[in-house]
Amino acid sequence: MVAGLSRLFVAVQLTTEARHALADRVLAAAPGGLPGRPVPPPNWHLTLRFLGDVEAVGQDRVLAALDQADLGAPFTVTWGAPGAFPRPRRAAVLWVGADRGADHLESLAAATEEAAVSAGFPDEDRPFRPHLTLSRIRPEEDVTSLLAAMPPLGVVMPVDRIVLYRSHLGRGGASYQEIEEFPLG
Ligand code: 2AM
């Protein structure tokens with residue numbers, strides 16, 4: 001990272017209960033461990049908008065824009081079926097999707113995107129695919145049998161705020177620092 005820049009992203013944080021319930025169910029479904037480099041459960045989150053390396057003035061602008069944003073009312077998500085990007089036969093990312101609440105997550109991502117653009121960030125050109133990354137896999141692997149063995153996780157979680165995070169990249173993996181939270185409703 002370049003001095004003076006912060007690597008920022010906006011995400012939905014997991015509640016402690018959901019984190020523990022998901023960790024239990026992932027462990028039960030994959031007792032031998034996940035392929036690739038699993039994301040440690042304390043780092044699990046759902047990214048709404050990755051902002052990249054940002055100067056202090058950009059961080060101030062995005063804080064102000066998120067403060068002003070209409071983020072909608074709180075809602076509930078159900079963490080459901082696991083999946084893989086770009087595809088299960090050649091998976092680089094193993095994730096869990098939202099069975100219920102995906103439409104609300106899309107609205108929340110759209111509101112976050114609007115705030116980012118009003119703060120001077122360029123439009124995000126990639127479509128938003130709500131997912132919680134469980135593992136990053138290099139080189140890619142076929143995870144079709146693992147996915148077939150993983151039932152929908154069925155963990156229900158309230159979403160009542162979003163968080164601006166700073167990511168610190170290190171040799172032992174990324175660590176995430178909460179900068180500010182923004183309540184829904
Ligand atoms: P991922 O979980 O799909 O890898 C912090 O790096 C978060 O921002 C991660 O959750 C990551 O998503 C997300 N992200 C989105 N676009 C990214 C990019 N271009 N580089 C790094 N992280 C990105």
Side-chain angles (χ1 to χ4, degrees), residues 1-2 5-15 18-19 22-23 26 30 33-55 58-59 62-63 65-66 71 77 79-99 101-102 104-117 119-141 143 146-147 150 153 155 157 159 161-182:
M1 197 197 68
V2 182
L5 297 180
S6 299
R7 187 176 173 84
L8 302 181
F9 63 100
V10 182
V12 172
Q13 186 175 49
L14 265 67
T15 62
R19 206 179 288 283
L22 277 173
V26 168
L34 298 173
R37 277 185 299 118
V39 178
N43 277 1
W44 286 351
H45 61 271
L46 180 138
T47 300
L48 295 166
R49 175 61 145 92
F50 179 72
L51 296 166
D53 289 333
V54 179
E55 291 181 21
Q59 177 172 319
V62 81
L63 282 167
L66 286 169
L71 300 174
V77 297
W79 297 109
F85 292 143
R87 66 188 76 90
R89 282 198 187 287
R90 278 188 50 193
V93 176
L94 181 67
W95 47 261
V96 177
D99 274 355
H104 284 106
L105 288 169
E106 275 165 28
S107 305
L108 195 50
T112 308
E113 171 66 10
E114 202 174 301
V117 170
F121 290 83
D123 289 330
E124 173 57 84
D125 43 17
R126 293 193 300 181
F128 174 66
R129 306 267 314 264
H131 67 278
L132 186 168
T133 297
L134 294 176
S135 191
R136 298 192 172 88
I137 307 170
R138 290 282 183 279
E140 294 147 343
E141 281 182 36
V143 297
L146 174 67
L147 291 184
M150 282 176 90
L153 300 176
V155 171
M157 185 188 98
V159 176
R161 75 198 74 173
I162 63 173
V163 177
L164 178 68
Y165 282 102
R166 179 172 183 181
S167 167
H168 299 271
L169 300 178
R171 264 199 225 143
S175 66
Y176 303 133
Q177 171 193 357
E178 190 173 325
I179 296 178
E180 192 159 325
E181 48 182 50
F182 302 87

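Whatever order the structure lists ligands and atoms in, that order sets their numbers, starting from 1. Start at 1 with the first residue, then count along the sequence.
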Asks: Quick one: which ligand 1 atoms are inside 4.0 Å of a heavy atom on His45?
Replies: 7 (C), 9 (C), 10 (O)

Asks: Can you list the atoms of ligand 1 that are under 4.0 Å from a heavy atom of Arg7?
Replies: 20 (N), 21 (C)

Asks: Tell me whether the rings of Trp95 and Phe85 are parallel (<30°), tilted (30 to 60°) or perpendicular (>60°).
Replies: tilted

Asks: Would you check the N or O atoms of Tyr176, main chain and side chain alike, for any that come under 3.5 Å of an N or O of ligand 1?
Replies: no

Asks: Please determine whether side chain to side chain contact (heavy atoms under 4.5 Å, CB included) holds for the pair Leu51 and Gln59, giving the CA-CA distance in whole Å, both sets of side-chain angles, and the decisive distance to 0.1 Å.
Replies: CA-CA 10 Å; Leu51 296 166; Gln59 177 172 319; over 6 Å; no

Asks: Which residue is it: Glu178, Gln13, His45? I am looking for the one with a side chain to side chain donor-acceptor pair (under 3.5 Å) to Tyr165.
Replies: Gln13

Asks: Report the nearest protein non-hydrogen atom to atom 3 (O) of ligand 1: residue, atom name, distance rounded to 0.1 Å.
Replies: His131 NE2, 2.6 Å

Asks: Look at atom 2 (O) of ligand 1 and find which of Thr133, Leu169, Val39 reaches it with the closest heavy atom.
Replies: Thr133

Asks: Identify the closest protein heavy atom to atom 4 (O) of ligand 1: which residue and atom is it, and at what distance?
Replies: Arg136 NH2, 2.8 Å

Asks: Between Arg166 and Leu5, which heavy-atom pair has the shortest distance, and what is it?
Replies: NH2-O, 3.9 Å

Asks: Taking N or O atoms only and a 3.5 Å limit, does Arg126 qualify as a polar contact for ligand 1?
Replies: yes

Asks: Quick one, Val39 with Arg136, criterion side chain to side chain contact (heavy atoms under 4.5 Å, CB included). Give me CA distance, side-chain angles, the key distance, then yes/no.
Replies: CA-CA 8 Å; Val39 178; Arg136 298 192 172 88; 3.7 Å; yes

Asks: Take atom CD in Glu114; do more than 12 heavy atoms of anything else shown fall under 6.0 Å from it?
Replies: no

Asks: Closest by any non-hydrogen atom to atom 17 (C) of ligand 1: pick that one out of Phe9, Tyr165, Phe50.
Replies: Phe50

Asks: Considering only protein heavy atoms, which is closest to atom 13 (C) of ligand 1, and at what distance to one decimal place?
Replies: Thr47 OG1, 3.7 Å

Asks: Would you check, one step at a time, whether the test side chain to side chain contact (heavy atoms under 4.5 Å, CB included) holds for Val163 with Val10?
Replies: CA-CA 6 Å; Val163 177; Val10 182; over 6 Å; no

